Visitor: 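First the structure, which I've put down as structure tokens, then a few questions once you've had a look.
Note that the structure is predicted; figures quoted are calculated from it, not measured. Counting begins at 1 with the first residue of the sequence.
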Amino acid sequence: MQIKAIRGTKDILPQDSRLWRSIEEKAKNLSEVYGYRQIRTPILEEARLFVRSIGKSSDIVRKEMYAFLDRKKRLLCLRPEATASVVRAYLEHGFDKTISLAKFYYLGPMFRAERPQAGRLRQFYHIGVEAIGSASPYLDAEVISLAVRMLEGIGLQGFALHLNSIGCQKDRQKYKTNLKAALKNKLKSLCADCRARYKVNPLRVFDCKNPHCKEIINSLPKVAASLCRECQDHFSKVKLALESLNIDYAFSPHLVRGLDYYTKTCFEITHPQLGAQNAVGAGGRYDDLVSDLGGPQKPAVGFSLGVERVIAALGPQKTEAIPPKLYMAAIGEEAKRTAFKVLDSLRAKGIAATAGYQDSSLKAQMRQADKLGARYVTILGSEELTKKTIILRDMQNKTQEEIPINKLFEELK
Ligand SMILES: [Zn+2]
Ligand SMILES: [Zn+2]
């Protein structure tokens, strides 16, 4: 039986990888412009890293982690997101001791065992940044503006930035109590999932997509009323800083992110093109995560963009694989041998060139060159070999000329 890709995973084919590369390049370049440096952490981590950071009650830890025992009976996991990994690496390599504000960006695959559906894959890609070491509201604004500028740079239009503050731990405790009180006599009208959420972490009811629950949820108290003075002040400064950059946002009083580690600012970027799973990216502040993972108190903020979501939101794109500049056709054993050497010397000089390697007729080789979209084709047969020449055919202008082999590079250049 033929082996197929695992459900919820996807091959990115040559005709699409060009778009992927261009998105990645733009994201990398802009991150560097903003002073972020690339970090590449392992895909495999200890599962407890995510249990401790994302939280036991989160959907990710409860049912979506790819966790398994290895041969030494350690509980490992394919990373479901990168923030915890970056913080682990930050501590492990002593950035907390050597640099007051450490700024990282990353890109790579993440894994969640979700039910595959539109917009949800089991292996999906994130591009993200983490800035660790400052509580300044300007840093929140920098991170948010970088996310926005990145999407703009990629060419995405029509997305919306939703912004909220969920306050410090104390505010959240207070809010959870208020929320529980408000939910208590509405429990019967909520779905089974929400009733379970009420018990473990009432904030999770905001993750519910059930339209009936949504209605009830919209009438619940808002976090803003539970914010302490300092958190209120921080949030106004973030908003003012964004306004000073002319970045549009919508205040979303019920936006609480699905991970335990967020504090203060949280945000989500959505796109109307996407349907139910409409977020292209999200992020926020996580002032306690570094200390929760055993480090000193280091306030931090970050975001991640979902690459597949961004691509879906971009809509149909002109996709094509990059064609070779030159296709070398050769007839006969000796000509093939010579062509193979010429091919190598051209490639060494940076000319994108290829050959067919089949024992096929000249006609068949020309057809293949055409299919690949090669700009030029060279033809080498026994006649040319004796004259030390080669035929260079321009596939666009449908013209050809015979030139000395050793002038080929000059001609192509
Ligand atoms: Zn507070
Ligand atoms: Zn519900």
Side-chain angles (χ1 to χ4, degrees), residues 5 10-33 37-40 105-109 125 127 153-155 307 311 314 316-413:
K10 239 169 103 178
D11 298 309
I12 298 154
L13 302 175
Q15 62 265 35
D16 300 320
S17 69
R18 197 178 186 178
L19 174 64
W20 277 75
R21 265 169 56 184
S22 116
I23 289 173
E24 287 165 359
E25 284 311 311
K26 283 171 185 159
K28 283 183 196 171
N29 292 340
L30 198 63
S31 299
E32 304 258 347
V33 166
R37 298 290 174 257
Q38 192 176 36
I39 186 165
R40 297 175 182 234
Y105 74 89
Y106 60 84
L107 29 94
Y125 288 77
I127 293 174
I154 289 166
V307 181
I311 288 174
L314 279 172
Q317 298 286 303
K318 221 181 104 213
T319 58
E320 54 191 86
I322 299 165
K325 181 164 177 156
L326 175 70
Y327 183 95
M328 296 195 85
I331 306 297
E333 206 40 51
E334 213 191 323
K336 273 185 199 164
R337 206 162 41 235
T338 307
F340 188 63
K341 270 173 62 186
V342 175
L343 193 58
D344 183 65
S345 70
L346 290 174
R347 285 168 171 171
K349 289 172 184 155
I351 304 274
T354 192
Y357 299 123
Q358 290 112 329
D359 273 320
S360 48
S361 65
L362 179 61
K363 212 171 146 191
Q365 292 184 56
M366 294 302 284
R367 244 194 332 261
Q368 215 207 336
D370 205 38
K371 227 176 180 173
L372 288 171
R375 178 73 171 80
Y376 299 96
V377 175
T378 55
I379 302 160
L380 193 61
S382 52
E383 209 177 299
E384 290 80 24
L385 266 183
T386 42
K387 290 189 279 179
K388 290 195 166 59
T389 60
I390 196 162
I391 294 169
L392 178 61
R393 184 170 168 79
D394 184 324
M395 298 294 275
Q396 238 164 49
N397 304 336
K398 309 277 179 217
T399 56
Q400 64 181 48
E401 53 177 336
E402 193 170 341
I403 56 165
I405 287 196
N406 57 17
K407 289 279 181 305
L408 183 56
F409 174 68
E410 296 300 311
E411 280 295 316
L412 287 169
K413 205 175 54 175

Visitor: How about Pro323 and Leu372: do any of their side-chain heavy atoms sit closer than 4.5 Å?
Guide: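 No, every pair of side-chain atoms sits at 4.5 Å or beyond.
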
Visitor: Can you tell me which residue pairs pass the salt bridge (Lys or Arg N to Asp or Glu O under 4.0 Å) test with a partner in residues 351-368, sequence neighbours excluded?
Guide: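 Every pair satisfying salt bridge (Lys or Arg N to Asp or Glu O under 4.0 Å) with a residue in residues 351-368: Lys336-Asp359.
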
Visitor: Going by the side-chain hydrogen bond (donor to acceptor under 3.5 Å, both in side chains) test, which pairs reach into residues 376-386, not counting sequence neighbours?
Guide: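 Listed by first then second residue: nothing to list.
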
Visitor: Under the ring pair (Phe, Tyr, Trp, His ring centres under 6.0 Å) test, which residues partner Tyr125, sequence neighbours left out?
Guide: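 Tyr125 satisfies ring pair (Phe, Tyr, Trp, His ring centres under 6.0 Å) with Trp20 only.
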
Visitor: Holding to salt bridge (charged side-chain N to carboxylate O under 4.0 Å, His left out), I want the full list of residues that pass it with Lys388, two or more places apart in sequence or in another chain.
Guide: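 Lys388: no salt bridge (charged side-chain N to carboxylate O under 4.0 Å, His left out) contacts found.
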
Visitor: Would you call Glu410 and Lys407 a salt bridge, using N to O less than 4.0 angstrom?
Guide: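 No, this pair does not count.
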
Visitor: Check whether any side-chain heavy atom of Met328 lies under 4.5 Å from a side-chain heavy atom of Leu326, and answer yes or no.
Guide: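 Side-chain contact under 4.5 Å: yes.
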
Visitor: Show the numbers, then the answer: is there a side-chain contact (heavy atoms from CB on, under 4.5 Å) between Lys387 and Glu402?
Guide: CA-CA 10 Å; Lys387 290 189 279 179; Glu402 193 170 341; 2.9 Å; yes

Visitor: Would you call Lys28-Glu25 a salt bridge at under 4.0 Å N-O?
Guide: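 Between Glu25 and Lys28 there is a salt bridge, with a charged N closer than 4.0 Å to a carboxylate O.
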
Visitor: Tell me, please, which residues at least two apart from Thr338 pass side chain to side chain donor-acceptor pair (under 3.5 Å).
Guide: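 In terms of side chain to side chain donor-acceptor pair (under 3.5 Å), with neighbours along the sequence ignored, Thr338 is linked to no residue.
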
Visitor: I'd like to check Ile23 versus Leu314 (side-chain heavy atoms, cut-off strictly below 4.5 Å). Are they in contact?
Guide: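 Ile23 vs Leu314: side chains touch.
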
Visitor: For Glu411, which residues count as a salt bridge (charged side-chain N to carboxylate O under 4.0 Å, His left out) partner, sequence neighbours excluded?
Guide: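 So Glu411 forms no salt bridge (charged side-chain N to carboxylate O under 4.0 Å, His left out) with any residue.
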
Visitor: Once you round to the nearest 0.5 Å, how far does CD1 of Ile405 lie from CG of Leu385?
Guide: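 The CG atom of Leu385 is 6.0 Å from CD1 of Ile405, to the nearest 0.5 Å.
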
